[in-house]
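Have a look at the structure below, then the notes.
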Amino acid sequence: MLKIEGLRAEVEGKEILKGIDLEVPAGEIHAIMGPNGSGKSTLSYVLAGREGYEITGGAVSFHGQDLLAMEPEERAAAGLFLAFQYPVELPGVGNANFLRTALNAIRRSKGEPELDAMQFLKVARARMKALSMPEDMLKRGVNVGFSGGEKKRNEVLQMALLNPGMAILDETDSGLDIDALKIVADGVNAMRGPAFSSLVITHYQRLLDYIVPDKVHVLMGGRIVQTGGPELAHQLEASGYGSVQAA
Amino acid sequence: MPAVTETIDAVQSVTQGAYKYGFETEIDMEFAPKGLNEDIVRFISAKKEEPAWLLEWRLKAFALWKTMVEPTWPAVKYPPIDYQDAYYYAAPVKKAGPKSLDEVDPELLRTYEKLGIPLKEQAILAGVEGAGDTPAEGGRMPIAVDAVFDSVSVATSYKDRLAKEGIIFCAISEAVREHPELVRQYLGSVVPQGDNFFAALNSAVFTDGSFVYIPKGVKCPMELSTYFRINAKSTGQFERTLIIADERASVSYLEGCTAPMRDENQLHAAVVELVALDDASIKYSTVQNWYPGDENGKGGIYNFVTKRGACRGARSKISWTQVETGSAITWKYPSCLLLGEDSVGEFYSVAITNNWQQADTGTKMFHIGPRTRSTIISKGISAGQGQNTYRGLVKISPKATGARNFTQCDSLLIGDQCGAHTVPYIENRCITAKVEHEATTSRIAEDQLFYCRQRGLSQEDAVGLIVNGFCREVLKELPMEFAVEAQKLLQISLEGSVG
Amino acid sequence: MNALMEHNASEAGAAGFLHRFEGLRERLPGQGLPWLASLRARAAEAFRAQGFPTRKVEAWRYTDLAPLTQAGFGEPLTPVDGALVLPRSAAPKRLVFVDGRFREDLSDEGSPARSLARHLPEAEGLLGSIARIDDLPLVALNTALFEDGALIDLGEGVDGGVVEILSVTSAGRPVAAHPRHLVRLAAGARLVLIERAWSAEQDPAEGEGRYLHSPVWEFVVGEDAHVTHARLQQEGRAGLHLATTFARVKASGTYDSFLLHAGARLSRSEAHVTLAGPRAAAHLNGAQLLGDGQHGDCTTFLDHAAPDCPSRQTVKTVLAGKSRGVFQGKIHVHQVAQRTDGYQMNQALLLSDQAEIDSKPQLEIYADDVKCSHGATVGELDESQLFYLRARGIPEGVARSMLIEAFLLEAVEGVADEAARAALAEVVAGSWERLA
């Protein structure tokens, strides 16, 4: 589904990604772990198409398409979803309006009929209930005045509604207490299936107790330095990233 | 479903970017001779069959105007206006009182159709009697419309139904004939003839506009609106609107404006006066979409308008809401004189300047009575080479004990060739008054745009969404139907402003 | 009619000063310096062309110079000798001027500040380099008539320490002093400057001891240089204080100023600050404490002319009796000044029903990537805070005073230099005690 080959990227002339090779087949969940500054967030932004990153080498294909040639909204329409580490606030833009606009933009691109307000509310309410989100969050401005946990849940709600083929979770676990963490994990696990893949980017192994990955990659210094099964995450938790460096 | 959540539907239903009201209606017109002098003032007064007192009133205004100079303090630039090189009266040649749709000039019908006014109303608009007594289809609240075409009101709808409540809604020229005592009592009582250069000009040559009187204790059962259309070439429009809400009365009124696309600049110098007595409330909304000129700054309307409301009664309320998207130049400060104790003034404004548009707009809140309160929310958006100025005054007299004002003006810049300016004046002479003013200037953040695009929105839709969010506090003050219209307008007005 | 009379009064007042210039021009310092003679002549001409500003000028809509234009300041100055009561020094090195002239006998030796009149040749190219005379008549008048002032010229990396410039007016006579002060900091230099305007005769009866003190400052702040400029206006209650400060700040330099208006019948301090290089910074803080019969006007123009510059401004005004306070603050962000970060706050407290505050914060912005905001509040003391203090047993009068002092001191918080901040806090608190 997602294939990254020799990906290199710079920010303001400084090389952050130094040749990443990674393949996530359909139906699999891969975790990327790494210390701060290893390039985890850069990788997620480069995949989603944020400006300010210069791609200096390599290629990324998504469903066989050249991902790097696409605009951010085209990537979203193709089914790539990024759950932001720091969800952005949009003052004055109602959450319901935003969610429906995004959902219909993606449905349109797939040639599916758009949802009217009533249909949308029905779907959204059901999803919110599953995520233990109070309904008034639909009325508030997007992420405005949301607590850290509420913002992350809002990201998972969007993911559930947009139903992407590939979700990148960029440190979605940071700032979450254990209950919120479980809710987020349940949200992701509920989407698991042969047509859904995910890249779970995290600093800690904690989240991976709840979202058990098929593979774990260790990202350090802009490269994937080690790949293994779920047991690798536990190993890292026990001995730290220093052990990888030594290896 | 509140209208404000319809943004994207509204935005996406707009396909072409150009000013879509820029057509011209071919119709037989009658003009006054070009130029401005006492004879023209007399000509207009005679055309309107006015009483002598009103002619005298106009002549006094004209005499005052000749002694005045055009204001230079607004932050707008334009070449000198030749006041002699324009027509001050232009009206379609009309057979008196068409009785059915077939008798109305088909060109006028087509004009209203193209302006998007629904058929039912259209029949009424063109002056067909008796068509307005059934509610419009879809169960929507009917809207009474006064249509002003260049210098004359061509029709007013729902008059009979409103009359049953004792409400007067008609062209001001008709009010002069039918209700002279009311007009004489209130005309010029809020904006005197010599108030400013453009108000004096208007007082001398005003042609038509709407008159509203809501009697004691009556809540107007429908939205009232006036639709202003400048059509003729080299013509200025000088309408005059007067709205009086008697004790415990309330009304919501809306005006809309469009004009053809021309290379020349046309002058629109209106005066609006509002009077609210004890416990009365007036909500006045404007969606201003005069032709803004082309992308090179050629043509467009000079919109120099004086709007003022007097809260004369205790606990009265006047609320101005404006969405200013059109005009080459906008110069207007809808204001409130808060005389009655506990009276309330509000001003909600969205002003957009794109391409070479210039706007210098804001409000004045005069706190005179005790415990008077005012709120000012202004949202300025500058794009292209546009220049957008908020200019406002909050003045609190020593007797306005316990007065309160809150002002928030925010500016949004799109591109680095435009300007956003904030010029608030706060003058307080009352120890117990409380005034708060906040202003911010920012641009659309890259991370906001990226966030929206990651969720599948195009760049242009993302900008539209964020701009609408920025304006939300103002748009929610508009009547629902117009909120949707206004959101579309915001999107159109900003077209081509992002790369 | 009114405007016409005002205009005539302004012309008459201006004529008196022009007459004085004609009488003094052969005796003013700097004879034999052609550049200065021609600058003075041009300035006199610029003043003649403009006259004193009237309230029809937008920047003067709230301040009426009638007390100046109607009073006669025609007499040429004669030096005052003898002992004067001076305030305690606020700095280790102090330069004293009396009626606009340097008094070596009252000044400390070894200060980096020197008499401008004695070192005029060094001022060529600096004097008038940033001050504007063509649209600012008071600056033109100062340029034509100045007799002396301070000259501070710090070389690269030099720390000038703490310096006080004390301007005393001997009072009792309708004197007019137009001192000109020049400060230049080369790259990396530092200076803390305390400027104090003082009258030998504090609190004379109304109408007596009227005088004019109208200084002009020019600050050229080099790259990475840092100057603190604390202006303490403690003039006599009949004095007229009309000050104009210009500052031009190069890359990464800082102009950190604080203004106190406590004395004078009429005072206006105008600051024109240009952030001319990337990351240059300006702080324009101030407090005005105005009692019965006083008019205080703090007017600032801040030009963001380079990218990445921060500016901060907090101005507080407390008004008692029949007084009038004015705040006008304009932030102009040029098109090149991307990533400007500007913040401005002005707040006023009215303690009397005869007081008036006029406030005009202003933003003029031509760059899109900016963060600019301003706020203004006018009001009474917070009742809940007052109640809280009283509930803890503090008498109402004391509680009010505490809250007002705290309100004023917020403006001092912004001063970066710790020693200057402490000294200012003391002066502001003392001024409030006098007013209360």
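We name chains A, B, ... by the order of the sequence lines, and we start the count at 1 in each one.
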ask   = Got a second to check how far L457(B)'s CG is from L465(B)'s CG, nearest 0.5 Å?
value = 6.0 Å
message = If you define the side chain from C-beta out and look only at heavy atoms, does anything of W432(C) sit under 4.5 Å from S401(C)?
response = yes
query = In Å, rounded to the nearest 0.5 Å, how long is the span from CD of E413(C) to CD of E410(C)?
reply = 7.5 Å
query = Are any non-hydrogen side-chain atoms of F198(B) and P71(B) less than 4.5 angstrom apart?
reply = yes
ask   = For V323(B) and I352(B), what are the C-alpha separation, side-chain angles and deciding distance, and is it a side-chain contact (heavy atoms from CB on, under 4.5 Å)?
value = CA-CA 8 Å; V323(B) 176; I352(B) 289 197; over 6 Å; no
message = At under 4.5 Å between heavy atoms, what parts of residues 271-282 of chain C are in contact with chain B? List them by residue number.
response = none
message = One pair to check against side-chain contact (heavy atoms from CB on, under 4.5 Å): E270(C) and L138(C). What are the steps and the verdict?
response = CA-CA 10 Å; E270(C) 203 175 297; L138(C) 291 172; 5.7 Å; no
Heavy-atom donor-acceptor pairs under 3.5 Å, chain C with chain B:
from    : atom 1 : to      : atom 2 : distance (Å)
E58(C)  : OE2    : Y425(B) : OH     : 2.5
Y62(C)  : OH     : E427(B) : OE2    : 2.3
Q335(C) : NE2    : D416(B) : O      : 3.0
E356(C) : OE1    : R429(B) : NE     : 3.4
I357(C) : N      : N428(B) : O      : 2.9
I357(C) : O      : N428(B) : N      : 2.8
S359(C) : N      : I426(B) : O      : 2.6
S359(C) : O      : I426(B) : N      : 2.7
L363(C) : N      : T422(B) : O      : 2.8
L363(C) : O      : T422(B) : N      : 2.7
I365(C) : N      : A420(B) : O      : 2.9
I365(C) : N      : H421(B) : ND1    : 3.2
I365(C) : O      : A420(B) : N      : 2.8
D369(C) : OD1    : R443(B) : NE     : 3.4
D369(C) : OD2    : R443(B) : NH2    : 3.2
C372(C) : N      : T441(B) : O      : 3.3
C372(C) : O      : T441(B) : N      : 2.7
H374(C) : N      : A439(B) : O      : 2.9
H374(C) : O      : A439(B) : N      : 2.8
H374(C) : NE2    : H437(B) : NE2    : 2.8
A376(C) : N      : H437(B) : O      : 2.8
A376(C) : O      : H437(B) : N      : 2.7
V378(C) : N      : V435(B) : O      : 2.8
V378(C) : O      : V435(B) : N      : 2.8

query = Non-hydrogen atoms of chain C under 4.5 Å away: do they reach the side chain of A433(B), the backbone, both or neither?
reply = backbone
task = Calculate, to the nearest 0.5 Å, the distance between atoms SG and CD1 belonging to C372(C) and I331(C) respectively.
result = 5.5 Å
query = For the atom pair CG (L284(C)) and SG (C298(C)), what is the distance rounded to the nearest 0.5 Å?
reply = 8.0 Å
message = Pair I357(C), I426(B) - check side-chain contact (heavy atoms from CB on, under 4.5 Å), show working.
response = CA-CA 8 Å; I357(C) 177 76; I426(B) 301 163; 6.0 Å; no
remark   = Scored by heavy-atom pairs under 4.5 Å with chain C, the best of I396(B), I431(B), L413(B) is I431(B)
ask   = Given side chains that start at C-beta, do those of L339(B) and F366(B) come closer than 4.5 Å, heavy atoms only?
value = no
key: Contacting region of L349(C) [heavy-atom separation from chain B under 4.5 Å]   = neither
message = Do P53(C) and L65(C) have side chains that approach each other closer than 4.5 Å (heavy atoms only, starting at C-beta)?
response = yes
